[in-house]
**Q** 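I'd like to ask you about the structure that follows.
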Amino acid sequence: MASEEKVCSNENENRNKNENEAREEKVSKNFIEQAIDKDLAEGVYDHVQTRFPPEPNGYLHIGHAKSIILNYGVAKKYNGKFNMRFDDTNPTKEDVEFVNSIKEDIAWLGADWEDRLFFASDYFDTMYECAVKLIKKGKAYVCDLTPDQIREYRGTLKEPGKNSPYRERSIEENLRLFEGMKNGECRDGERVLRAKIDMASPNINMRDPILYRVAHITHHNTGDKWCIYPMYDFAHPIEDAIEHITHSLCTLEFEDHRPLYDWVVRECEFENPPRQIEFAKMYLNNVVTGKRYIKKLVQDGIADGWDDPRLVSISGLRRRGFTPESIRRFVEMSGISKAHSTCEYAMLEYCLRDDLKPKANRVMAVLDPLKVVIDNYPEGQIEYLEVPNNTENPDLGTRMVPFSGEIYIEREDFMEEPVKKYYRMFPGNEVRLMNAYFVTCNSCVKDEDGKIVELHCTYDPASRGGNSPDGRKVKGTIHWVAAPTAVKAIWRKFDNIADASSGSIYDEDGNLNVNTDSKLEYECLVEPSLKDAKAFDKFQFVRKGYFCVDYKDTTPDMLVFNRIVSMKSSFKIAK
RNA sequence: AGGGGUAUCGCCAAACGGUAAGGCACCGGACUCUGACUCCGUCAUCUCAAGGUUCGAAUCCUUGUACCCCUGCCA
């Protein structure tokens with residue numbers, strides 16, 4: 001993680017902070033911040049407290065990042081607190097494997113919950129008491145209807161439901177039955193506790209929603225203490241109230257649940273009730289963002305685990321080489337609103353390039369090597385040239401790069417018959433080898449198939465360092481690596497794991513179109529300074545893009561680089 | 001007997017009755033030891049549509065239209 005530290009110096013952090021502050025002044029507040037301002041001004045709340053409440057049933061992805069950054073950001077902005085809370089009310093889907101990965105991802109993104117790490121399951125006693133309270137108030141009852149019957153009694157979107165025959169049980173009976181449920185006297189599905197609200201409500205969530213169900217399953221946190229578990233709609237408002245959350249931020253599909261959320265908080269008689277506010281989820285255009293689709297790619301073995309660099313899971317983005325700063329910036333740039341929106345992946349790429357631009361060393365790597373012999377260079381000589389690590393950030397220092405009479409350049413940087421406006425290497429054209437010398441190509445050697453295998457050049461010894469004392473200019477500058485000292489490595493080019501060529505990444509049946517060529521591996525030659533690169537180190541391969549050392553597949557004798565993003569390019573070969 | 005939401009540039013997104021910010025993308029041009037970066041410039045006479053109120057409307061009213069969410073003992 002050496003470069004992770006390197007790229008996160010205090011100085012950089014301070015600069016980023018200042019940049020953020022400068023940006024914020026110009027940007028108006030989003031609708032959630034406006035609502036908070038209003039609440040604070042009207043004295044509804046005297047502090048701000050938010051939370052991120054994932055269910056530990058999978059890995060986090062870019063969509064969660066939006067929620068994390070929003071919740072954490074809001075708390076920070078208002079000098080409030082941010083809680084981490086696992087919403088683990090359904091043991092059938094949950095696992096500790098996920099709580100660990102989630103914690104790691106959130107910490108990596110930079111959201112700091114300090115000492116406030118909570119589990120909904122830690123509140124099961126309180127929730128049980130709340131349920132008893134509702135029963136005593138005549139606001140909840142035990143229902144013996146089967147799941148099918150409950151569905152039938154619920155009515156439809158356009159027709160009201162009808163009351164359960166168990167709706168008018170006495171408080172005493174409900175109390176006894178509910179305790180029985182708790183004590184394991186019921187089989188799974190046999191009985192539930194329901195809120196007594198309104199079976200004719202146009203909002204289906206208010207048609208006597210289920211509060212507790214029976215499930216004889218070991219819970220990852222509470223073990224076998226409970227065999228009844230609260231439903232989300234009952235548990236969540238209680239969790240928020242217990243933690244004194246002021247603004248409970250969630251996604252749009254919960255809008256319909258808000259009346260129930262408010263009902264629970266009110267009927268359980270919590271003071272300072274939290275306010276639920278909904279915002280739109282984050283989607284990326286032509287990118288697989290749905291949890292279930294990502295899960296399927298992993299299960300089907302199409303993706304190489306949850307951290308496959310082609311995935312927008314947090315761990316995948318991290319492995320690919322995205323930085324927490326770039327993801328935060330991306331989320332902030334995307335904004336918060338209630339309009340359904342899909343952001344473009346290009347914006348994420350911009351954020352990564354922009355973040356790494358002053359932080360990453362700019363080094364030379366030839367991704368598709370073509371040998372070049374410099375005929376007039378002293379045979380066998382190797383000289384070392386001092387080159388800046390980052391021309392825009394002198395603080396990153398310099399390094400010594402070896403040069404010799406045999407080098408490799410990028411195959412695409414030579415054309416025997418150049419197209420117009422081509423100003424790289426071609427016969428008779430003088431170009432600059434970056435940081436080294438001016439060279440002119442004299443001839444090329446081909447194999448029996450006519451493929452170019454070697455170039456012959458002459459160099460101008462007076463142009464050492466990359467400039468000619470006579471002031472003559474060259475139009476092209478290309479990168480290179482010296483043959484005797486070049487280090488062989490692997491680089492990976494990623495494409496969208498989903499095939500969007502049909503205009504959508506999904507087919508008519510809603511299945512994902514898979515792009516089978518989305519991960520390509522090539523051999524490349526890199527300058528020797530990269531030999532000691534560590535997992536997660538990030539570099540700009542000059543003219544080629546930003547690359548990150550893969551932490552899983554790199555071995556002591558073979559570096560594997562993931563291309564995070566390519567450089568932008570306005571060069572197009574005229575057709 | 002249905003309810004809840006959302007519509008502003010290719011993509012996000014401001015504007016809160018005073019005459020359409022900004023970012024990404026794109027396209028020009030300058031600069032350049034990265035065809036990158038940076039810098040300049042272009043990019044909505046117009047806000048889903050049609051009416052209305054007003055000196056003035058993206059913002060208010062009316063009527064439509066399109067799309068999303070809701071009938072798990074999931075969250």
Side-chain angles (χ1 to χ4, degrees), chain A residues 23 26-30 34 53-55 57 87-90 92-94 143 145-147 150-152 154-161 188-194 200-207 209-215 228-229 231-233 235-236 250-259 278 280 282 285 330 332-351 353-354 357-358 362 364 387-388 391-392 421-424 431-436 465-467 473-479 540-545 566-572:
Chain A
R23 265 197 296 273
K26 280 185 266 177
V27 178
S28 52
K29 294 186 173 183
N30 64 51
Q34 292 181 20
E55 180 183 23
N57 67 348
D87 206 359
D88 53 352
T89 57
N90 183 4
T92 65
K93 304 170 71 176
E94 295 152 11
C143 182
L145 254 25
T146 65
I150 285 182
R151 193 177 313 122
E152 195 186 315
R154 187 154 36 222
T156 68
L157 293 178
K158 297 191 176 184
E159 290 158 17
D188 290 6
E190 196 175 319
R191 282 208 253 260
V192 291
L193 182 73
R194 292 231 249 169
S201 171
N203 181 348
I204 291 180
N205 294 300
M206 300 299 272
R207 317 237 265 229
I210 293 168
L211 269 20
Y212 263 96
R213 79 284 218 176
V214 178
I228 57 171
Y229 292 95
M231 299 288 288
Y232 168 86
D233 281 317
H236 207 86
C250 64
T251 45
L252 252 25
E253 69 268 29
F254 293 103
E255 282 180 312
D256 290 341
H257 296 243
R258 194 183 336 123
E278 311 85 8
M282 154 92 60
N285 189 230
F330 170 65
E332 282 157 12
M333 275 174 70
S334 300
I336 304 293
S337 77
K338 297 191 70 153
H340 293 90
S341 55
T342 38
C343 296
E344 284 178 353
Y345 191 77
M347 197 147 88
L348 215 206
E349 294 185 317
Y350 165 83
C351 291
R353 292 190 192 104
D354 196 51
K357 185 172 47 180
R362 300 174 182 187
M364 293 195 284
V387 323
T391 46
E392 287 179 60
K421 286 286 200 75
Y422 187 83
Y423 45 81
R424 278 112 98 146
V431 297
R432 173 165 38 230
L433 295 175
M434 189 179 275
N435 296 122
N467 280 302
K473 302 280 186 212
V474 291
K475 187 74 174 144
T477 299
I478 63 175
H479 59 101
Q540 181 192 119
F541 286 180
V542 135
R543 301 208 302 137
K544 300 312 294 182
S566 64
M567 299 301 267
K568 281 184 66 167
S569 173
S570 60
F571 174 64
K572 282 158 193 101

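All values reported here derive from a predicted model rather than from experimental measurement. In what follows, chains carry the letters A, B, and so on, assigned in the order in which the sequence lines appear, proteins first and then strands, with residues in each chain numbered from 1.
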**Q** Go through the steps to decide whether Glu255(A) and Lys338(A) satisfy the test salt bridge (Lys or Arg N to Asp or Glu O under 4.0 Å), and finish with yes or no.
**A** CA-CA 11 Å; Glu255(A) 282 180 312; Lys338(A) 297 191 70 153; 2.6 Å; yes
**Q** What's Asn435(A) touching, base or sugar-phosphate or nothing? Going by heavy atoms closer than 4.0 Å.
**A** base
**Q** Atom CG of Leu211(A) and atom P of G72(B): how far apart are they, to the nearest Å?
**A** 17 Å
**Q** What nucleic acid atoms does Glu278(A) come within less than 4.0 Å of, heavy atoms only: base, sugar-phosphate, or nothing?
**A**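 No contact.
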**Q** Classify the nucleic acid contact of Met333(A) as base, sugar-phosphate or nothing, counting any heavy atom under 4.0 Å across all strands shown.
**A** sugar-phosphate
**Q** If I pick the P atom on C37(B) and the same atom on G23(B), what distance separates them, to the nearest angstrom?
**A** 15 Å
**Q** How long is the gap from CE on Met333(A) to SG on Cys351(A), to the nearest 0.5 Å?
**A** 4.5 Å
**Q** Decide ring pair (Phe, Tyr, Trp, His ring centres under 6.0 Å) for Tyr423(A) and Phe571(A); before the verdict, give the C-alpha distance in whole Å, the side-chain angles of both, and the deciding distance to 0.1 Å.
**A** CA-CA 10 Å; Tyr423(A) 45 81; Phe571(A) 174 64; 7.2 Å; no
**Q** Are Lys357(A) and Glu392(A) within salt-bridge range, i.e. N to O under 4.0 Å?
**A** no
**Q** For the P atoms, the ones on C11(B) and on U65(B), what distance do you get once it is rounded to whole angstrom?
**A**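 About 24 Å, rounded to a whole number of Å.
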**Q** What's Thr156(A) touching, base or sugar-phosphate or nothing? Going by heavy atoms closer than 4.0 Å.
**A** base
**Q** Output one line per pair: protein atom, nucleotide atom from nucleotides 25-28 of chain B, and distance, for all N/O pairs under 3.5 Å.
**A**
| residue | atom | partner | partner atom | Å |
| --- | --- | --- | --- | --- |
| C26(B) | OP2 | Lys568(A) | NZ | 3.2 |

**Q** Mind checking if Phe254(A) touches a base, just sugar-phosphate, or nothing, with heavy atoms under 4.0 Å?
**A** base
**Q** Regarding Leu145(A), tell me which of base, sugar-phosphate or nothing describes its non-hydrogen contacts under 4.0 Å with the strands shown.
**A**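 Base, at least one base heavy atom under 4.0 Å.
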**Q** Do Tyr232(A) and the base of A75(B) stack face to face, with centres under 5.5 Å apart and an angle between planes under 30°?
**A** no
**Q** Go through the structure and list residues passing side-chain hydrogen bond (donor to acceptor under 3.5 Å, both in side chains) with Ser569(A), not counting sequence neighbours.
**A** none
**Q** Verify, without hydrogens or angle tests, whether Gln540(A) (side chain) and Gly545(A) (backbone) share a donor-acceptor contact under 3.5 angstrom.
**A** no
**Q** Reading RNA chain B from 5' onward, which residue's closest nucleotide shows up sooner: Pro160(A) or Ala339(A)?
**A**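 In this pair, the answer is Pro160(A).
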**Q** Suppose we screen for side-chain hydrogen bond (donor to acceptor under 3.5 Å, both in side chains). Which residues come up paired with Ser201(A), at least two apart in sequence or across chains?
**A**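 Here no residue qualifies.
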**Q** Only counting residues at least two apart or in another chain, list the ones meeting salt bridge (charged side-chain N to carboxylate O under 4.0 Å, His left out) with Glu152(A).
**A** none
**Q** Under 4.0 Å, heavy atoms only, any strand: does Glu255(A) hit a base, just the sugar-phosphate, or nothing?
**A**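 It contacts sugar-phosphate atoms only.
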**Q** Regarding His257(A), tell me which of base, sugar-phosphate or nothing describes its non-hydrogen contacts under 4.0 Å with the strands shown.
**A**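 It contacts base atoms.
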**Q** Identify, between Ile150(A) and Val474(A), the residue whose nearest nucleotide on RNA chain B lies closer to the 5' end.
**A**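 Looking at the nearest nucleotide for each, Val474(A) comes out on the 5' side.
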**Q** Just to be sure I follow the notation: if a pair is Watson-Crick (purine N1 to pyrimidine N3 plus N6-O4 or O6-N4) or a G-U wobble (N1-O2 and O6-N3), each under 3.5 Å, what dot-bracket string does RNA chain B give, with | for pairs to another strand?
**A** .((((((..(((.....[...)))..((((.......))))......(((((..]....))))))))))).....
**Q** Might you point out which heavy atoms bring Thr89(A) and Arg213(A) nearest each other, and give the distance in Å?
**A**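 So the two residues come closest at O-NH1, 3.6 Å.
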**Q** Under 4.0 Å, heavy atoms only, any strand: does Lys421(A) hit a base, just the sugar-phosphate, or nothing?
**A**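 Base: the residue Lys421(A), judged by heavy atoms under 4.0 Å, touches a nucleobase.
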**Q** All N/O contacts under 3.5 Å from nucleotides 46-48 of chain B to the protein, with atom names and distances to one decimal?
**A**
none

**Q** What is the nucleic acid contact for Asp256(A), judged by heavy atoms within less than 4.0 Å: base, sugar-phosphate only, or nothing?
**A** base
